[in-house]
Amino acid sequence: DDSGDQAGGGSGKTPKIGVILPDSSSSVRWESADRRFLKEAFDAAGVQSDIQNAQGDKNAFQTIADQMITNGVTVLMIVNLDSGTGKAVLDKAKSQGVATIDYDRLTLGGSAQYYVSFDNVAVGKLQGEGLVKCLTDAKVEKPAIAYLNGSPTDNNATLFKEGYDSVLKPKFDSGEYTKAADDSVPDWDNTQAATIFEQQLTKTGGKIDGVLSANDGLGNAAISVLKKNNLNGKVPVTGQDADPQALQNILAGDQCMTVYKAVKKEADAAAELAIALAKGERKETGQTVRDPEGNRDVPAVLLTPAAIYKENVKDVIADGYVTKEQVCTGDYAKLCTDAGIS
Amino acid sequence: MSANPLLELRGIDKSFGPVQVLRDVAFAAYPGEVTALVGDNGAGKSTLVKCISGIYPVDAGEFIFDGRPVTINSPRDAASLGIEVVYQDLALCDNLDIVQNMFLGREKRNGLVLDEPTMEQMAAETLAGLSVRTVKSLRQHVSSLSGGQRQTVAIAKAVLWNSKLVILDEPTAALGVAQTAQVLELVRRLADNGLAVVLISHNMNDVFAVSDRIAALYLGQMVAQVKTTEITHAQVVELITAGRSGELGLAADPGVNGNGAAPADSTAGGVS
Amino acid sequence: MSANPLLELRGIDKSFGPVQVLRDVAFAAYPGEVTALVGDNGAGKSTLVKCISGIYPVDAGEFIFDGRPVTINSPRDAASLGIEVVYQDLALCDNLDIVQNMFLGREKRNGLVLDEPTMEQMAAETLAGLSVRTVKSLRQHVSSLSGGQRQTVAIAKAVLWNSKLVILDEPTAALGVAQTAQVLELVRRLADNGLAVVLISHNMNDVFAVSDRIAALYLGQMVAQVKTTEITHAQVVELITAGRSGELGLAADPGVNGNGAAPADSTAGGVS
Amino acid sequence: MSITAVTKEGPAAVAPAPTVGSHVRDYWQRVRGGDIGALPAVAGLLVLCTIFSIMRPSFLTAGNFANLFTQGAAVTLIAMGLVFVLLLGEIDLSAGFASGVCAAVLANLVTVLGYPWYVAVLAALLTGMVIGTTLGFLVAKVGIPSFVVTLAGFLAFQGVVLLLMKEGRNISVREPVVVAIVNRNMPVALGWTLAAIAVAGFAVVQLLRYRSRAARNLINDPFPVVLGRIAALALVLGLAVYVLNLERSLNTLITSLKGVPIVVPIVAVLLVVLTFVLQRTSYGRHIYAVGGNREAARRAGINVDRIRISAFMICSTMAAVGGIVAASRANSVDPNTGGSNVLLYAVGAAVIGGTSLFGGKGRILDAVLGGAVVAVIDNGMGLMGYSSGVKYVVTGVVLLLAASVDALSRRRASATGNR
Amino acid sequence: MSITAVTKEGPAAVAPAPTVGSHVRDYWQRVRGGDIGALPAVAGLLVLCTIFSIMRPSFLTAGNFANLFTQGAAVTLIAMGLVFVLLLGEIDLSAGFASGVCAAVLANLVTVLGYPWYVAVLAALLTGMVIGTTLGFLVAKVGIPSFVVTLAGFLAFQGVVLLLMKEGRNISVREPVVVAIVNRNMPVALGWTLAAIAVAGFAVVQLLRYRSRAARNLINDPFPVVLGRIAALALVLGLAVYVLNLERSLNTLITSLKGVPIVVPIVAVLLVVLTFVLQRTSYGRHIYAVGGNREAARRAGINVDRIRISAFMICSTMAAVGGIVAASRANSVDPNTGGSNVLLYAVGAAVIGGTSLFGGKGRILDAVLGGAVVAVIDNGMGLMGYSSGVKYVVTGVVLLLAASVDALSRRRASATGNR
Ligand SMILES: Nc1ncnc2c1ncn2[C@@H]1O[C@H](COP(=O)(O)OP(=O)(O)OP(=O)(O)O)[C@@H](O)[C@H]1O
Ligand SMILES: Nc1ncnc2c1ncn2[C@@H]1O[C@H](COP(=O)(O)OP(=O)(O)OP(=O)(O)O)[C@@H](O)[C@H]1O
Ligand SMILES: [Mg+2]
Ligand SMILES: [Mg+2]
């Protein structure tokens with residue numbers, strides 16, 4: 001029904017796609033990867049685009065949406081900050097005849113035509129499994145785990161936690177593992193993360209055998225504290241996003257694993273759908289996701305994240321997500337060679 | 001005049017941290033009389049006034065107002081007893097205009113709304129009675145007034161109200177010749193209307209011109225409170241600068257014999 | 001005395017927004033002489049002083065200092081010419097102590113480090129010379145000083161320095177009898193040492209006691225600048241309150257005949 | 001005695017009764033003297049609008065004009081409350097998250113517990129009042145500096161929002177009345193009617209005042225100036241309502257979109273009411289007095305503590321109003337409501353409008369004008385399509401430019417001794 | 001003339017030369033009178049520490065003591081710079097992100113471009129100076145209120161960090177010297193040596209001062225009091241160094257960890273240097289004067305503009321130092337460095353310590369004590385294991401409690417007319 005309203009494309013309006021990214025603090029990916037890949041895809045297709053970042057500010061998020069609609073975008077692609085604002089934006093766009101896509105985060109009760117994402121719970125699951133693998137490799141008996149969760153105000157952080165809890169909670173319950181600490185890091189702030197982790201260490205008298213940190217920035221904060229106590233490499237740390245910094249940490253053995261989300265694939269898939277919508281076409285995705293709040297099945301493209309360990313760091317580089325120059329600087333050149341990165 | 005003082009203080013002590021500023025001060029102000037409070041710079045006159053008006057809490061001592069013991073904890077208490085004060089450090093709100101300052105805390109109202117025309121008119125009349133001729137507009141912020149104009153506004157503010165006791169702390173310090181005369185006349189008129197007036201001044205001519213009694217503070221101690229007719233100009237100056245004059249004032253130092261000659265000499269240069 | 005003025009002003013105009021405060025004012029201060037600047041409240045005396053010291057920029061007019069035309073854009077400029085001012089609104093830093101205020105902007109130093117003992121000693125000596133006896137400690141913040149003590153600190157601050165011109169805007173307003181005498185003596189001594197001194201005061205006794213010349217401002221206009229010996233007490237009061245006295249002052253109103261009787265009457269109440 | 005004779009006419013007589021010409025001349029002199037009121041903020045606003053219109057023609061559409069109001073409303077409302085606290089020389093860092101707490105209360109009541117909207121709105125406002133009273137008590141009676149008290153509030157309320165949100169989930173607000181506040185418009189006719197009523201009311205007040213002053217022979221603005229003022233208001237209001245009543249749907253086939261957004265009269269009424277409180281009641285007078293010279297106010301017998309507590313109460317209550325508007329705009333409340341830049345923008349709005357952080361100087365209109373500047377910058381920058389980094393930098397620079405218009409025009413003020 | 005005779009002894013003679021007894025009595029009187037200096041902040045700190053130690057014994061370990069220093073260092077350093085700006089009655093909202101910009105410059109130079117650490121550190125400090133000078137110029141010369149200027153800076157620098165971070169990447173800092181600042185410790189012997197030197201230096205300064213005042217017959221503290229002061233410093237420093245020199249490795253099998261963290265002497269030296277500047281140079285005197293009464297300072301011939309610009313310069317330079325420390329601690333710089341709560345915590349630290357937002361009152365030591373309060377709260381709360389929401393609320397409440405110790409003890413001050 002919505003796509004039929006896409007008179008905008010047909011009535012000679014030049015297609016123009018607006019993208020609103022959420023922030024630059026929860027993960028470095030938004031500004032460094034998504035923006036670039038989306039822009040490349042749109043430019044390649046020859047459609048105009050306007051990509052902006054709400055910097056975690058809901059009010060700014062809505063203002064940007066208003067402005068994009070004012071500016072005459074025909075397709076709006078959003079990564080919502082929360083479902084409420086997301087829904088307000090999507091509804092407003094719909095009322096103005098603008099097609100919409102949920103990118104990376106599903107807006108519950110929303111009205112987007114498509115949903116393109118990684119499965120955030122799956123990301124958490126990979127982190128949980130990764131930590132178990134590293135602890136098993138290190139043969140730690142009855143390991144004590146510390147959680148460094150993402151921002152308490154970020155719904156995604158809740159989803160990640162749901163994922164790793166599904167792996168680790170049974171182990172806590174069975175007494176195989178113990179949970180040493182469980183703290184959220186406000187604003188995904190790395191500086192605060194360092195303090196929080198330091199206090200976890202102090203509180204437990206240093207008895208932390210594994211750190212489940214929700215992304216690479218938090219992981220690096222934990223590693224910096226471990227380094228200060230000369231414990232780096234002895235306590236596995238997880239991550240997410242496959243930052244160059246995290247890849248270096250993994251190569252050096254300070255970090256156990258990270259979760260790589262092939263943002264380029266996600267961006268390309270989303271761009272393809274958006275371009276189609278802008279031209280007034282409707283593509284089949286073959287997959288749907290249930291929106292429990294809106295009671296509808298949203299056509300979706302779901303991509304699978306990958307766990308990265310020392311062995312497969314090279315895959316990320318081969319993918320072009322980060323370059324060899326970014327990772328294999330200075331001392332890391334030799335580690336790169338050892339890890340088979342050419 | 002009435003034999004019962006309107007306000008009587010007994011045994012007032014006041015210290016700021018380690019510095020004792022007032023010691024066992026007794027003071028009385030009589031209705032229908034002008035009591036001049038004199039003393040050297042730093043003697044404690046302004047501090048005494050601020051204790052009376054509730055700005056400073058006293059460390060010890062009693063207040064008796066109209067025959068009843070009272071406690072004054074804030075300027076509100078003092079105002080509700082009918083005490084009006086012109087402070088030496090005028091305490092005007094620089095960001096308000098003349099009318100607003102004059103009616104501050106006691107605005108005229110029409111229901112909820114401020115009655116600006118009435119206030120403006122009353123302010124204009126009061127200021128006219130104080131010989132103020134150079135004020136350009138009553139809606140001028142007091143920050144743009146000259147020193148004398150500010151002082152006049154502060155005086156006008158205090159005399160606008162029906163009060164029982166008016167205390168003026170060096171009210172004529174910044175005033176011109178005509179304005180000073182006007183204020184002294186006003187002081188006399190207030191007393192003649194039955195109010196108790198306390199006037200602080202360093203100008204002995206003014207003190208002798210209008211006062212009925214003179215109270216002298218010396219280093220925080222009240223050394224004398226006498227009828228103006230019973231004391232001379234030179235004696236007051238002696239009390240101010242040396243704390244005693246003949247019979248009056250502090251008991252003579254044991255070490256020095258009590259003839260007032262030396263202190264009298266010492267202030268010769270001080271009498272202009 | 002010297003025939004050449006140290007400071008001469010010509011045609012000074014100054015307005016605050018729509019209000020013109022000084023009109024075509026001419027003024028001269030001579031070395032070795034005390035020039036008294038008199039005028040009613042709001043006449044513009046303090047404004048003129050602030051124009052001289054560079055606090056207010058003038059709208060029009062020339063400054064001639066020591067025979068050379070100068071421009072004074074800030075108090076720094078004035079200070080570097082050797083002009084020291086005691087302002088009516090004293091302008092002390094309440095959060096600093098007495099010594100710190102007295103040496104503000106011209107601290108004594110030992111290399112980089114402030115030389116506190118020297119400053120404290122100099123301050124103590126200067127204050128002692130001004131008859132200040134009630135200050136408890138030189139390390140007291142000036143916010144805790146009495147009105148007269150503050151005034152003394154401001155005066156002491158201005159006379160500490162070797163300057164050529166000292167301007168005192170109502171310096172004795174808050175002072176006690178002894179302190180006033182001391183300041184007047186100081187004023188005379190400064191002039192006798194060859195400095196030019198400008199004294200603003202509403203007290204005619206003081207003006208006649210120490211001044212060599214009298215300059216009278218009336219509603220922003222300079223109505224007369226004459227030798228003190230050539231004018232009487234009553235004439236000065238007339239100039240202040242009416243702007244003219246006989247031959248002196250503003251030209252008579254065309255509508256009124258020029259005999260000075262009416263204005264003289266009008267100020268009768270003003271002379272105490 | 002003839003002195004009294006000379007002064008009988010009183011100070012009022014010194015200045016002659018002004019004519020239109022002298023009034024205009026006086027105004028111009030005042031402007032040149034640096035005493036310029038709202039002029040610089042308005043000028044800055046015009047400059048900004050002109051630049052944005054030239055660079056992005058879509059800035060100057062009816063739709064964007066309507067967006068401006070809804071985008072700026074929440075910050076402006078919070079800023080209006082902050083003016084009270086700033087007038088006292090205090091600060092309220094917690095206003096942002098206080099609005100979040102109130103919004104969370106609202107959302108919990110209407111969505112989770114299913115109360116009717118008016119109960120929820122009242123509860124939100126009440127929450128604001130309680131918060132403000134508590135802050136005010138700690139500042140005035142306990143004597144902790146307001147910066148510290150409200151910094152503690154800033155932290156604590158952040159936690160309260162999280163707790164009310166059940167640790168990080170957001171709550172949708174679908175209650176139609178609440179959602180309508182920002183997202184629905186008034187009928188075209190109602191818009192015109194309200195505007196007419198406003199102009200008429202203003203005219204009555206102005207004319208009554210003119211008459212009463214004339215009757216007492218007090219200095220009065222010339223009659224034509226009074227008329228001109230009324231005409232100016234009529235013009236501005238009329239123009240705004242006209243533009244907002246234009247069709248602004250991008251696609252009229254789908255929907256029609258016109259009328260004054262409902263939030264506009266809400267802001268307008270609060271502007272009038274709070275301005276009345278500050279300028280025409282003795283309570284307002286006392287606020288200025290306490291802010292200008294607390295000691296003088298105390299000596300004048302003003303109950304300083306009560307004034308301070310009440311100002312914090314008004315501030316937090318206005319924050320609650322802002323929170324309700326924010327919840328309406330977002331159709332939801334999440335743990336970040338009232339967080340991020342809301343507080344700084346709100347204080348910034350008040351300060352840009354001309355309110356002093358040192359107390360004693362400021363008006364409610366300042367908050368609205370400053371809020372408009374902030375909203376225009378945000379709105380205009382959204383049209384430019386910069387990347388985040390560049391956008392931040394340009395926003396900062398534009399804010400600085402808007403403020404320097406003000407600063408430079410006030411420079412003469414300090415040169416002439418006014419401040 | 002006998003008046004002069006009476007006063008020849010001078011004011012100094014009014015008070016008799018103090019003895020130890022009278023000194024103690026005076027001090028007690030001053031405390032009772034509300035003039036209590038650092039006492040309340042120290043008291044608040046002790047109360048906090050006691051509570052945390054009782055609730056979580058691990059709070060009172062050598063390791064946690066060392067952590068406290070490294071956790072609080074960045075905020076404390078920024079707060080130390082802010083004191084200069086606050087003393088003038090101005091504010092610098094941009095200090096947090098200014099530290100981020102400087103950290104980003106450092107990271108880019110050492111990591112991306114491979115410059116040696118000293119070049120990078122110098123460049124970061126220089127960046128801070130340039131930023132501060134620009135802010136100061138806009139405030140002092142253009143005349144825009146500092147709140148607005150630094151709000152613009154707050155926005156713009158946020159953008160600059162993003163741009164320097166190549167749109168959001170974070171940059172690792174692995175340069176050993178930079179990393180060492182916060183993460184490495186001094187040898188045990190060096191710690192003792194530095195402490196000894198510090199105590200000796202203090203003793204020399206105190207004794208020289210005593211002698212010079214005694215020589216001029218000025219009022220002097222009694223000699224035993226001077227000695228007591230030296231002994232107190234020796235005791236505090238000795239104790240701190242002793243604890244920091246204890247073994248605090250969590251697992252001595254893996255590693256040994258002891259010694260004073262390198263950042264501690266850096267903070268200490270800056271504390272001494274900046275305190276010297278404020279208390280013992282005419283520049284510092286002028287800062288206080290401008291903050292206390294700008295007009296009086298101008299009339300005293302002080303170049304007010306230069307003072308204001310330089311204060312902003314110092315503030316931003318200290319922010320740069322804070323940024324370097326933050327980068328060292330995180331081993332990396334990300335777009336959030338200096339963001340989030342850093343600014344509020346830094347201003348809060350200064351204010352909690354006793355610095356006034358209205359200017360004219362405050363010391364560098366305030367920032368350090370306040371920074372310690374903030375760090376202790378953060379540190380202690382980290383040990384409690386609350387959920388985020390509860391943690392925020394409790395942090396706010398604890399902050400309030402710490403501040404009310406101060407407020408209540410100063411209450412007498414206002415009652416006696418001191419402020
Ligand atoms: N808040 C305060 N803290 C400490 N000392 C104070 C305070 N206020 C006043 N003093 C001291 O108390 C003494 C008396 O001051 P007060 O102002 O009462 O004097 P005064 O008699 O009014 O003098 P003046 O004639 O100069 O106005 C002075 O020595 C002054 O330094
Ligand atoms: N900043 C200002 N803005 C507007 N008007 C001002 C300003 N400063 C002074 N005035 C006006 O200028 C006139 C002269 O003021 P000034 O202070 O020079 O008087 P003065 O002669 O010193 O009086 P006094 O004897 O009372 O000190 C007064 O009418 C005053 O209201
Ligand atoms: Mg006094
Ligand atoms: Mg004057």
Side-chain angles (χ1 to χ4, degrees), chain C residues 50 53-55 74-80 85 87 89-96 98 100-101 103-110 112-118 120-121 123-144 154 157 178-179 181-182 185, chain E residues 1-15 18 26 35 87 205 208-209 211-220 276-277 279-286 288-305 356 358-362 416-419:
Chain C
K50 288 179 183 171
S53 70
I55 290 182
S74 75
R76 291 171 65 78
D77 296 350
S80 69
V85 186
Y87 296 97
D89 46 347
L90 305 170
L92 300 173
C93 290
D94 273 354
N95 61 332
L96 299 183
I98 296 177
Q100 290 172 342
N101 263 292
F103 285 82
L104 193 61
R106 287 174 287 201
E107 291 80 6
K108 297 276 164 222
R109 287 184 298 188
N110 248 341
L112 259 183
V113 191
L114 291 173
D115 185 359
E116 299 283 359
T118 302
E120 199 164 322
Q121 223 169 10
E125 284 159 14
T126 312
L127 284 180
L130 287 168
S131 273
V132 177
R133 283 160 301 173
T134 48
V135 168
K136 300 293 184 306
S137 152
L138 288 175
R139 289 301 175 185
Q140 208 172 345
H141 281 191
V142 296
S143 60
S144 71
K157 179 180 172 187
Q179 290 82 352
Q182 210 69 16
E185 196 187 293
Chain E
M1 206 176 67
S2 58
I3 285 181
T4 352
V6 171
T7 54
K8 257 285 153 54
E9 311 151 86
V14 171
D26 260 31
D35 174 15
L87 274 178
V205 169
L208 279 182
R209 191 161 152 226
R211 241 190 33 192
S212 109
R213 290 186 72 90
R216 288 162 189 263
N217 252 320
L218 292 169
I219 298 184
N220 223 337
F276 172 82
V277 167
Q279 309 296 340
R280 298 263 168 269
T281 69
S282 47
Y283 170 74
R285 183 65 42 85
H286 294 177
Y288 281 99
V290 172
N293 186 337
R294 199 194 299 170
E295 182 60 21
R298 193 166 83 96
R299 293 188 187 174
I302 293 173
N303 190 336
V304 173
D305 286 352
S356 160
F358 295 93
K361 182 165 159 287
T416 55
N418 289 325
R419 29 189 88 223

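Values below: every heavy atom of this structure, side chains too, minus hydrogens, waters and symmetry copies. Lettering of chains follows the sequences in order, A, B, ..., and the numbering in each one begins at 1.
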Just by distance, do the side chain of C/Asp94 and the backbone of E/Gly292 share a donor-acceptor pair under 3.5 Å?
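No: the side chain of C/Asp94 does not pair with the backbone of E/Gly292.
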Could you tell me whether a side-chain N or O of E/Asn293 sits under 3.5 Å from a main-chain N or O of C/Leu92, the two making a donor and an acceptor?
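Yes; at least one donor-acceptor contact below 3.5 Å.
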Looking at every heavy atom in both [X] and [Y], which two are closest together, and how far apart are they?
{"X": "E/Tyr288", "Y": "C/Leu96", "value": "CB-CD2, 3.8 Å"}
{"X": "E/Gly360", "Y": "C/Asn95", "value": "O-ND2, 2.8 Å"}
{"X": "C/Lys157", "Y": "E/Ala300", "value": "NZ-CB, 3.9 Å"}

Whether C/Glu116 and E/Arg285 form a salt bridge (side-chain N of Lys/Arg under 4.0 Å from carboxylate O of Asp/Glu) is what I want to check.
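Salt bridge between E/Arg285 and C/Glu116, a charged N being under 4.0 Å from a carboxylate O: yes.
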Between E/Arg280 and C/Asp115 (salt bridge meaning N to carboxylate O under 4.0 Å), is one present in this structure?
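No salt bridge links E/Arg280 with C/Asp115.
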Toward chain E, the part of C/Asp89 with a non-hydrogen atom under 4.5 Å
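Both backbone and side chain of C/Asp89 come within 4.5 Å of chain E.
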At a heavy-atom separation under 4.5 Å, does C/Ser80 approach chain E through its side chain, its backbone, both, or neither?
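For C/Ser80, there is no contact with chain E at all, as no heavy atom is under 4.5 Å.
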Using a cut-off of under 4.5 Å for heavy-atom pairs, which of C/Gly105, C/Pro117, C/Ser143 has the most such pairs with chain E?
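Of C/Gly105, C/Pro117, C/Ser143, C/Pro117 has the most heavy-atom pairs under 4.5 Å with chain E.
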Decide whether E/Arg298 and C/Ser74 meet the rule of one side-chain donor and one side-chain acceptor closer than 3.5 Å.
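No, because no side-chain N or O of E/Arg298 sits under 3.5 Å from a partner of the opposite role on C/Ser74.
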Tell me, yes or no, whether the heavy-atom count around C/Arg139 atom CZ, taken from other residues, nucleotides or ligands under 6.0 Å, exceeds 12.
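More than 12 within 6.0 Å, yes.
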I would like to know whether E/Glu295 and C/Ile55 meet side chain to side chain contact (heavy atoms under 4.5 Å, CB included); could you show each step before the answer?
CA-CA 9 Å; E/Glu295 182 60 21; C/Ile55 290 182; 3.6 Å; yes
Just how far is it from atom CZ of C/Arg106 to atom CD1 of E/Ile302, taken to the nearest 0.5 Å?
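The CZ atom of C/Arg106 sits 10.0 Å away from the CD1 atom of E/Ile302.
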Atom pair CZ/CG of E/Phe276 and C/Leu114 - distance to nearest 0.5 Å:
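Answer for the CZ-CG pair, E/Phe276 versus C/Leu114, is 8.0 Å.
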Kindly determine whether E/Arg299 and C/Lys50 satisfy side chain to side chain contact (heavy atoms under 4.5 Å, CB included), including the steps that lead there.
CA-CA 10 Å; E/Arg299 293 188 187 174; C/Lys50 288 179 183 171; 3.6 Å; yes
